[in-house]
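A short write-up of the structure that comes next.
All heavy atoms count here, side chains included; hydrogens, waters and symmetry mates do not.
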2 protein chains.
Amino acid sequence: MSKAANTRLNILHKAFELIYTKGYQTTSIDEIIATTQVTKGAFYYHFKTKDEMGVAIIEEILKPTMQEHFIKPTEASQNPIEDFYNMISYLLLDDPFLQVKYGCPVGNLTQEMTPWNNKFSEALAELVDLWKATIINSIEKGKEYGLIRKDVVGEQVAFFILSGYWGIRNFGKLQNDNSSYLVYLKELKSYLNGLK
Amino acid sequence: MSKAANTRLNILHKAFELIYTKGYQTTSIDEIIATTQVTKGAFYYHFKTKDEMGVAIIEEILKPTMQEHFIKPTEASQNPIEDFYNMISYLLLDDPFLQVKYGCPVGNLTQEMTPWNNKFSEALAELVDLWKATIINSIEKGKEYGLIRKDVVGEQVAFFILSGYWGIRNFGKLQNDNSSYLVYLKELKSYLNGLK
DNA sequence: ATAAAAAAATACTAATTAGTATGAAAAAGC
DNA sequence: GCTTTTTCATACTAATTAGTATTTTTTTAT
């Protein structure tokens, strides 16, 4: 990777971490260039504005991560019910990057940036639609294979699962411990089993 | 009401509206005093800091509203299943103050202010705990009356309902229309019926 | 009515913000 | 080599921020 591409990625990664832990609005460019050891000239060479950098984070950091960790595994799934549960459980309890007190990066950005920044909204909506579509697809396959009841509506379930995930992430932030996650996961399992 | 108490409440109400639509961090005190037509001297006479005002909004605006609209009706409920659905449906589709694109005020504040401001976290947690406890109570009553299965765990269901609500609010913000609400509500109904 | 206290008005500060102007160094093309 | 383009560094600006100091007005108590 070229040196220039490296500084750009470095900015995106460090900025993303700061934004994930502190929020977008309260993360200043001065802070970003301080932690990246990159000068302001370099920053504004790579990004015209702070918002352009924000959108780049979504497209170049969040999107690939999501593709790799959520989309691919879900597409490869043979057992949707069990794998949905495992996916959510992994995200809540085991993912080494995500932390209870900081919530879900995508959820945080959605909450903070919509509806005031259309570029953010569009980039985030694209992400979420992708995830949703994958879940719906997985449900339809599950129905074919007789693993899921025929009267289950994929879109409804997808919304339900993702909403629950985003919401419980907010509870986690509020209480700063994973006890709410554990209670939530039990009910999620029960709900998912009801789809069989 | 005394004139002083009136300016205080006026500040709280207007500030709350601004914060609900714009977010806490991006709502400046200058903006608040401009829309309230109150001077900075008056503002800082009533509130030592911006954060103190924020907490006052939670305790003096959000909490009473919640008591009146969610807690009381839920306590009076004879049919938990149906009333849970009606409560969420009302909040999502009919409440005249809440707007799709601005999400849930409590959810927004939780997302934006935790874990960085403990006073906010505590005040918000108190709110949410109250709501949660009321739901749990209602479920237990429902179990007594034979309206809800005995093996249903109240706390799990409460977390599940509230998480779903917070989460779908985020979807609403993202898409800025209530189509996701409608899909979500169908699955909520189906889920709640599964508790019978 | 008047003194005391509460409430509000005005003018300011120091820090931080995103963004710019300009020039220097590094890399690439020939 | 030398030129051109890319990449980065430095020093700045203008606006906005939360909060303060000080004075004036209004209300309350006696």
Which whole-number value in Å describes the distance from [X] [atom1] to [N] [atom2]?
X	N	atom1	atom2	answer
Lys3(B)	dT25(D)	NZ	P	13 Å
Lys22(B)	dT17(D)	NZ	C1'	13 Å
Glu52(A)	dG19(C)	CD	P	10 Å
Gln25(B)	dT17(C)	CD	P	12 Å
Tyr45(A)	dA27(C)	OH	P	13 Å
Ile33(A)	dT10(D)	CD1	P	11 Å
Phe43(A)	dT6(D)	CZ	P	20 Å
His46(B)	dG19(D)	NE2	C1'	17 Å

Test of ring centre spacing under 6.0 Å for Phe171(A) and Tyr184(A):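 No, the ring of Phe171(A) stays outside the 6.0 Å limit from the ring of Tyr184(A), centre to centre.
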Ring centroid separation Phe16(A) to Phe97(A) under 6.0 Å: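 They qualify: ring centres under 6.0 Å apart.
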OP1 or OP2 of dT10(C) under 4.0 Å from side-chain N/O of Thr39(B):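 Looking at the OP1 and OP2 atoms of dT10(C), neither is under 4.0 Å from any side-chain N or O of Thr39(B).
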Nearest to the side chain of [X], heavy atoms from C-beta on, is which of [options]?
X	options	result
Ile29(B)	dA8(C), dT10(D), dA18(D)	dA18(D)
Ala42(A)	dA9(C), dG19(C), dC8(D)	dC8(D)
Thr49(B)	dT27(D), dG19(C), dG19(D)	dG19(D)
Lys50(A)	dT17(D), dG19(C), dA8(C)	dG19(C)
Ala4(A)	dA9(C), dA18(C), dT7(D)	dT7(D)

Heavy-atom closest pair, residues Asn176(A) and Lys101(A):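 Distance-wise, the nearest heavy atoms are OD1-CB, 3.0 Å.
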Cationic N near anionic O, under 4.0 Å, Lys119(B) to Glu52(B):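 Salt bridge: no.
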Within-4.5 Å side-chain heavy-atom neighbours: Val153(B) and Lys186(A):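 Result no, sub-4.5 Å side-chain heavy-atom pair not found.
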Along DNA chain C (nearest heavy atom to each residue), the more 5'-positioned of Tyr24(A) and Gly41(A):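 On the 5' side of the pair lies Tyr24(A).
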Presence of donor-acceptor pair under 3.5 Å, side chain of Lys40(B) and base of dG19(D):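 A donor-acceptor contact between them is present.
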Contact nearer the 5' end of DNA chain D, comparing Gln37(A) with Asp51(B):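 So the residue in question is Gln37(A).
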